[in-house]
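Everything numeric in this text was worked out from a predicted model, so none of it was measured.
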Amino acid sequence: MQAVVLAAGEGTRLRPLTEEKPKGMVEVDGDPILTHCFDTLVDLGASELIVVVGYMKETIIQHYGDEYEGVPITYAHQREQKGLAHALLTVEDHIDDDFMLILGDNVFEANLQDVVRRQAEDRADAAFLVEEVPMEEASRYGVCDTNKYGEIVDVIEKPDNPPSNLVMTGFYTFTPAIFHACHLVQPSDRGEYEISDAVGLLLESGRTIDAIPLDGWRMDIGYPEDRDEAERRLREGAETKANA
């Protein structure tokens, strides 16, 4: 399965860590965030890494070249950062079938394989790893509403008054149907083309999207303190494995 990594962002909230590098190249426990993403996707069996770059793209391209751990890398350029749905459209011509999507500012130690397996069952048109967060933090994310079968029935991007505390985590699997939805998305109140709006269009068209509860942890590296917490968790995990 191909894997898409969205890594075009500047990372203004991560300053001063991003004063001289793009967000994806900020180091977490000695390695860039993107290295953690690539390792995750290679472990999941990615056949190709398709990386969306933008801000300071040369830094990323020069660092990784055209392959990672034997897996070929293709780069797509997002010239303006206009949202995740806009970023995803830059890879449309490269995708052949179902694919994984990971946000290039997330670090995972979690059950992503469960999401990939669900996609392979052909029961759902998409599958998302979802997490329960404190209600006061939910407005930072795309908030999900699910039915009794664990299927997503609605997604709202960064709502002022979240209807639940179940949020998307930054790892998804899709069929190519997501691209048609992205083409139909209109700019949000934030002026961006939101992936949540594309998901909403999939749902309106009768597509099935499964929510896979997170087992483990993930960190969205949005602020310097998030980087520090991810490092703490990675080191704690390494120590636990060493002592096992």
Side-chain angles (χ1 to χ4, degrees), residues 4-14 18 23-24 26 28 33-34 36-37 40 52 78 81-88 100-112 114-115 118 124 126-147 150-174 178 181-182 185-203 209-230 233:
V4 175
V5 185
L6 302 186
E10 182 175 347
T12 54
R13 295 176 302 172
L14 268 171
T18 52
K23 183 194 299 187
V26 170
V28 177
I33 301 172
L34 282 177
H36 292 280
C37 291
T40 294
V52 179
Q78 186 187 20
Q81 279 68 68
K82 293 184 177 181
L84 299 186
H86 180 265
L88 191 53
M100 297 178 273
L101 172 66
I102 193 169
L103 304 188
D105 55 4
N106 278 230
V107 176
F108 288 91
E109 289 286 333
N111 56 321
L112 305 188
D114 292 343
V115 183
R118 182 61 55 85
F128 301 165
L129 192 69
V130 298
E131 176 185 15
E132 290 189 9
V133 301
M135 186 61 79
E136 61 269 19
E137 296 180 13
S139 61
R140 290 177 55 183
Y141 307 103
V143 177
C144 304
D145 191 12
T146 58
N147 62 20
E151 299 168 346
I152 293 175
V153 296
D154 195 16
V155 175
I156 308 169
E157 185 64 29
K158 298 180 179 178
D160 292 332
N161 297 298
S164 80
N165 65 334
L166 190 68
V167 304
M168 297 190 290
T169 65
F171 184 79
Y172 322 76
T173 54
F174 287 109
I178 188 62
C182 287
V185 168
Q186 299 298 309
S188 67
D189 292 341
R190 302 192 304 154
E192 296 191 355
Y193 296 84
E194 310 283 6
I195 191 72
S196 55
D197 289 342
V199 169
L201 290 170
L202 285 182
L203 293 170
I209 301 176
D210 280 349
I212 309 298
L214 176 119
D215 181 10
W217 62 266
R218 66 99 189 204
M219 286 297 302
D220 172 9
I221 313 298
Y223 297 90
E225 55 266 30
D226 297 327
R227 191 277 300 266
D228 297 341
E229 176 62 15
R233 293 187 184 189

Practice problem: Would you check if the side chain of N165 reaches a backbone N or O of P134 as a donor-acceptor pair within less than 3.5 Å? | Solution: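 Not confirmed, N165 side chain does not pair with P134 backbone.
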Practice problem: Indicate yes or no for a side-chain donor-acceptor contact from T169 to the backbone of L129 under 3.5 Å, with no hydrogens or angles considered. | Solution: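 At least one qualifying donor-acceptor pair exists.
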Self-check item: N147, CG atom: more than 12 neighbouring heavy atoms under 6.0 Å
Solution: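 Atom CG in N147 is packed in, count exceeds 12.
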Quiz item: Checking side chain to side chain contact (heavy atoms under 4.5 Å, CB included) against M168, which of V155, I152, V143 comes through?
Solution: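 Result: among V155, I152, V143, V155 is the only option passing the side chain to side chain contact (heavy atoms under 4.5 Å, CB included) with M168.
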Practice problem: Can you spot which of T146, I209, L203, D145 makes a side chain to side chain contact (heavy atoms under 4.5 Å, CB included) with V153? | Solution: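 The passing option is D145.
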In Å, rounded to the nearest 0.5 Å, how long is the span from [atom1] of [X] to [atom2] of [Y]?
X    : Y    : atom1 : atom2 : answer
L112 : I102 : CG    : CD1   : 6.5 Å
E192 : K158 : CD    : NZ    : 7.0 Å
I212 : D210 : CD1   : CG    : 5.5 Å

Identify the two heavy atoms, one from [X] and one from [Y], that lie closest to each other, and give their separation to 0.1 Å.
X    : Y    : value
A87  : L6   : CB-CD2, 4.1 Å
K23  : I33  : O-CD1, 3.5 Å
S164 : C144 : OG-O, 2.7 Å
C182 : L88  : SG-CD2, 4.0 Å
V107 : W217 : O-CZ3, 3.8 Å
R13  : P224 : O-CD, 3.5 Å

Quiz item: Is R233 salt-bridged to E109, cutoff N-O under 4.0 Å?
Solution: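 Looking at R233 and E109, the cut-off is not met.
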Practice problem: Output all residues satisfying ring-ring contact (aromatic ring centres under 6.0 Å, His included) with Y141, sequence neighbours left out; order by chain, then residue number. | Solution: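 Partners of Y141 under the ring-ring contact (aromatic ring centres under 6.0 Å, His included) test: none.
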Quiz item: What pairs with S188 under side chain to side chain donor-acceptor pair (under 3.5 Å), at least two apart in sequence or on another chain?
Solution: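 By the side chain to side chain donor-acceptor pair (under 3.5 Å) rule, S188 matches E194.
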Quiz item: Who pairs with N111 by side chain to side chain donor-acceptor pair (under 3.5 Å), at least two apart in sequence or on another chain?
Solution: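 Result, side chain to side chain donor-acceptor pair (under 3.5 Å) vs N111: D114.
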Any side-chain heavy-atom pair from [X] and [Y] closer than 4.5 angstrom?
X    : Y    : answer
V199 : Y172 : no
Q81  : E10  : no
T12  : T18  : no
E157 : R190 : yes
I178 : L202 : yes

